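The structure presented is a predicted model; accordingly, all values stated were derived computationally and were not measured. We count residues from 1, following the sequence as given. Every number for a ligand or one of its atoms is a count from 1 in the order of the listing.
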Amino acid sequence: MEKPLLPLSSQLSLQNRVYEVTLNSAFLSWKEVETRPKRTSGNIYGPLKAAGSHYVPVCEIISVQETEEDCPSTDTGKWHKVPQSVAESNQHAFTVCYVERTQKHRWRCSDVTLHCTDRTLCLQWVQAIREQLSLLTIRPKRLLVYINPYGGKHHGKRIYEQKVAPIFSRASISTDVIVTEWANHARDHLKTEADLKKYDGVVCVGGDGMFSEIIHGLISRTQCDSGVDQDCSDEPLIPCSLRIGIIPAGSTDCICYATVGSNDPVTSALHIVVGDSQPMDVCSIHHNNTFLRYSVSLLGYGFYGDVLTDSERKRWMGPARYDISGVKTFLSHRYYEGTISFLPADENVGTPRDKLQCRSGCNICRLPSADKQVSKDEESVSDIETKGVWKVIRGKFLAINAACMSCACPRSPKGLSPSAHLADGTADLILVRKCSRFDFLRHLLRHTNKDDQFDHPFVEVYRVRQFRFTPRYEDTDSELDLREAEGTGHKRFFSQICREHPACSCSLAHSSWNCDGEILPHAAIQVRVHCQLIKLFARGIEEQSVFEEPYALSAI
Ligand SMILES: CCCCCCCCCCCCC/C=C/[C@@H](O)[C@H](CO)NC(=O)CCCCCCCCCCCCCCC
Ligand SMILES: Nc1ncnc2c1ncn2[C@@H]1O[C@H](COP(=O)(O)OP(=O)(O)OP(=O)(O)O)[C@@H](O)[C@H]1O
Ligand SMILES: [Ca+2]
């Protein structure tokens, strides 16, 4: 058959009606054609413009296939009706499966079956659409999939088999699937064993912890292959080339929620199929000259560290463990003392308190950042950063949180820092100073509604590129306190501090860092944001209007 020329246009039938169907390099469209008599022109029959017009961008078509009439279709198992009308009296049809947007940023597979007058025309349409799809080279063809069978409510395997695998096979994506057998199985496999050249991407089925395993495996492998020493906190890291997909099946799923807008497995699978790409910042965390971990979502000391420590003992409860531990930690009302020093970001990346939220195609994330200027100006990242002025804050805190992105999740739909950006090379540092239980509750409540959680006198927030934290008990500047602690025992040391603050009923204690849901072994840490170190199969959260009025005719 000859190569079909574009635009291709034919009158095809759909549900007993005739449609003008057109394919060009950007869209597949079908518009109803009426064959009722034109009143103004007597007995002449002619097409009238009908209301129902549909436009599907070619980049959102998942697949096309010839449809066998009067027998079950191969992938849906549904029986097609025997054509009744004159228009459908022929048996030749093809089905186009495409992305449809529904509520709350969710995507669904939708399909349309168009009937042709003869088989040649039908094959011409199938060939033309397949040819356009083959030009979309950004789409993955081969994926390496890791499933954590124990994440969230332990539904990972079922979610993958029932909801995701059928979509991948419809889109002709081949997969190698590994169901993990122990914690860090996926990380170590990626780091040392996996033949990454075979794949166009890596997919994890699980929660934020499982995603963390994948990035640790991929980032370490990339640095190792390029001879970069991860222990050296000043050395720039090499970005990973493989994209990562997340099929949410965890307890928080904040990385999926904040990059796609929902925690729906079908939506995530479709973002993978269409080959979306969303760069993302990653924080590296060091203790002196030892690399500890990477973080992409929450790095939290104090409240969120304690919630995590307590919740790890309650893993058997599933996602509810965080709420139980959250209430318990809230009631214990512990505060922590220490010093935070940080390098503020340039003003052109906005501030955590502006209302500019990171959305699909975000302009802030497209700005050249200090990190990206490095190759142009032949100046190292550390040269640029040392020109900045470090700020130092010492005090008593209920929580110290760093969010590399919004951390939006079902528990907090706008997240810990609603205006944080996915790929701007900065993190938002949120300091919640010691305050009453009631005030802290007001602050927490604002994570669940539209009110500004930073609009409290005891909350400060800074956009930073690097920061350091030293808890008071490790702070060499507090030598007097330390000597006192050594000489008389920690118990007396802490009780003395509490006596100094009789008005507040909180108690001073040591906490741990919650690093994307993992506990860090050190409290004194150095953190640096690496701009766009990884890429996800996502596009950021789409503006609401994109799916409310998908493709207004005036825009085409
Ligand atoms: C009054 C209601 C207040 C609700 C406040 C909800 C704020 C929720 C903010 C969630 C931010 C999640 C950031 C993402 C962190 C992930 O990298 C990590 C791994 O998945 N998840 C967690 O650490 C899991 C962290 C989960 C934390 C849950 C905290 C729940 C606090 C409940 C306090 C209730 C006080 C009630 C007093 C009577
Ligand atoms: N086969 C396995 N057996 C035990 N643990 C595993 C296995 N595979 C992965 N893990 C570990 O399970 C932990 C939790 O997994 P995951 O993040 O998928 O779920 P979650 O903790 O319920 O969700 P979230 O991280 O979103 O709160 C991760 O730290 C991961 O390293
Ligand atoms: Ca960021």
Residue Cys358, metal the Ca ion (ligand 3), N/O/S under 3.0 Å:
no
Measure from the Ca ion (ligand 3) to each N, O or S atom of Met405 and report whether any distance is below 3.0 Å.
no
With a 3.5 Å cut-off and no angle check, do the side chains of Lys414 and Gln357 form a donor-acceptor pair?
no
Output yes when [X] and [Y] qualify as a salt bridge under the 4.0 Å nitrogen-oxygen rule, no when they do not.
{"X": "Arg243", "Y": "Asp276", "answer": "no"}
{"X": "Lys328", "Y": "Asp310", "answer": "yes"}
{"X": "Arg187", "Y": "Glu213", "answer": "no"}
{"X": "Asp264", "Y": "Arg106", "answer": "yes"}
{"X": "Lys198", "Y": "Asp195", "answer": "no"}
{"X": "Glu542", "Y": "Arg539", "answer": "yes"}

Do me a favour and list the nearest non-hydrogen protein atom to [atom] with residue, atom name and distance?
{"atom": "atom 12 (O) of ligand 2", "value": "Asn148 ND2, 3.3 Å"}
{"atom": "atom 14 (C) of ligand 2", "value": "Arg315 NH2, 3.6 Å"}
{"atom": "atom 31 (O) of ligand 2", "value": "Glu213 OE2, 2.3 Å"}
{"atom": "atom 2 (C) of ligand 1", "value": "Leu445 CD2, 4.4 Å"}
{"atom": "atom 20 (P) of ligand 2", "value": "Ser251 OG, 3.6 Å"}
{"atom": "atom 9 (C) of ligand 1", "value": "Tyr304 OH, 3.6 Å"}
{"atom": "atom 10 (C) of ligand 1", "value": "Cys409 SG, 4.0 Å"}
{"atom": "atom 3 (N) of ligand 2", "value": "Tyr150 CD1, 3.3 Å"}
{"atom": "atom 19 (O) of ligand 2", "value": "Gly151 CA, 3.4 Å"}
{"atom": "atom 20 (O) of ligand 1", "value": "Asp208 OD2, 2.7 Å"}
{"atom": "atom 18 (O) of ligand 2", "value": "Gly207 N, 2.7 Å"}
{"atom": "atom 30 (C) of ligand 1", "value": "Gly326 CA, 4.0 Å"}
{"atom": "atom 34 (C) of ligand 1", "value": "Val327 CG2, 4.0 Å"}
{"atom": "atom 1 (N) of ligand 2", "value": "Thr180 O, 3.0 Å"}
{"atom": "atom 11 (C) of ligand 1", "value": "Leu416 CG, 3.9 Å"}
{"atom": "atom 4 (C) of ligand 1", "value": "Thr448 CG2, 3.8 Å"}

Hey, are the side chains of Cys407 and Ser297 touching, using non-hydrogen atoms and a 4.5 Å cut-off?
yes
Heavy atoms, side chains only, cut-off 4.5 Å: are Ser251 and Arg321 in contact?
yes
Write the atom name of the N, O or S atom in [X] that is nearest the Ca ion (ligand 3).
{"X": "Asp281", "answer": "OD2"}
{"X": "His421", "answer": "O"}
{"X": "Asp424", "answer": "OD1"}

Stepwise side chain to side chain donor-acceptor pair (under 3.5 Å) check, Arg334 with Tyr336:
CA-CA 7 Å; Arg334 283 185 292 263; Tyr336 307 93; 3.3 Å; yes
Where's the contact between [X] and ligand 2, heavy-atom distance under 4.0 Å: side chain, backbone, both or neither?
{"X": "Trp182", "value": "backbone"}
{"X": "Glu518", "value": "side chain"}
{"X": "His154", "value": "neither"}
{"X": "Arg321", "value": "side chain"}
{"X": "Met210", "value": "both"}

Could you name the option among [options] that has the heavy atom nearest to [atom]?
{"atom": "atom 25 (O) of ligand 2", "options": "Ser212, Ser311, Pro248, Gly209", "value": "Gly209"}
{"atom": "atom 25 (C) of ligand 1", "options": "Phe440, Tyr322, Phe330, Phe303", "value": "Tyr322"}
{"atom": "atom 26 (O) of ligand 2", "options": "Thr252, Ile147, Val179", "value": "Thr252"}

Relative to each other, are the rings of [X] and [Y] parallel, tilted or perpendicular (30° and 60° limits)?
{"X": "Trp513", "Y": "Phe467", "answer": "tilted"}
{"X": "His189", "Y": "Tyr146", "answer": "perpendicular"}
{"X": "Tyr150", "Y": "His154", "answer": "perpendicular"}

Work out which heavy atom in Ala345 is nearest to a heavy atom in Val349; give both atom names and the distance.
CB-CG2, 3.7 Å
Shortest non-hydrogen contact between Gln278 and Ala423, atoms and distance:
NE2-CB, 4.3 Å
Interfacing atoms of ligand 1 (cut-off 4.0 Å, heavy-atom, Cys254):
14 (C)
Element-labelled atoms of ligand 1 that are located less than 4.0 Å from some non-hydrogen atom of Asp516:
17 (O), 19 (C)
Only residue of Val266, Val274, Ile272, Thr267 satisfying side chain to side chain contact (heavy atoms under 4.5 Å, CB included) with Leu270 is Val266
State whether the number of non-hydrogen atoms from other residues, nucleotides or ligands found under 6.0 Å of Glu347 atom CD is greater than 12.
no
Would one find more than 12 heavy atoms of other residues, nucleotides or ligands at under 6.0 Å from atom NZ of Lys153?
no
Any chance the rings of His286 and Phe291 have centres within less than 6.0 Å?
yes
I'd like to know whether Phe440 forms a ring-ring contact (aromatic ring centres under 6.0 Å, His included) with Phe303, so could you lay out the CA-CA distance, the side-chain angles of the two residues, the decisive distance to 0.1 Å, and finally the verdict.
CA-CA 10 Å; Phe440 190 45; Phe303 182 72; 5.1 Å; yes
Consider ligand 2: state whether an atom of it lies below 4.0 angstrom from any non-hydrogen atom of His185.
no
Are any of the heavy atoms in Phe211 under 4.0 Å away from ligand 2?
no
Counting only heavy atoms closer than 4.0 Å, does ligand 1 sit against the backbone of Asn514, its side chain, both, or neither?
side chain
Just which atoms of ligand 2 are under 4.0 Å from any heavy atom in [X]?
{"X": "Asp253", "value": "26 (O)"}
{"X": "Tyr322", "value": "27 (O)"}
{"X": "Gly206", "value": "18 (O)"}

Ligand 2 and Gly152, any nitrogen or oxygen pair closer than 3.5 angstrom?
yes
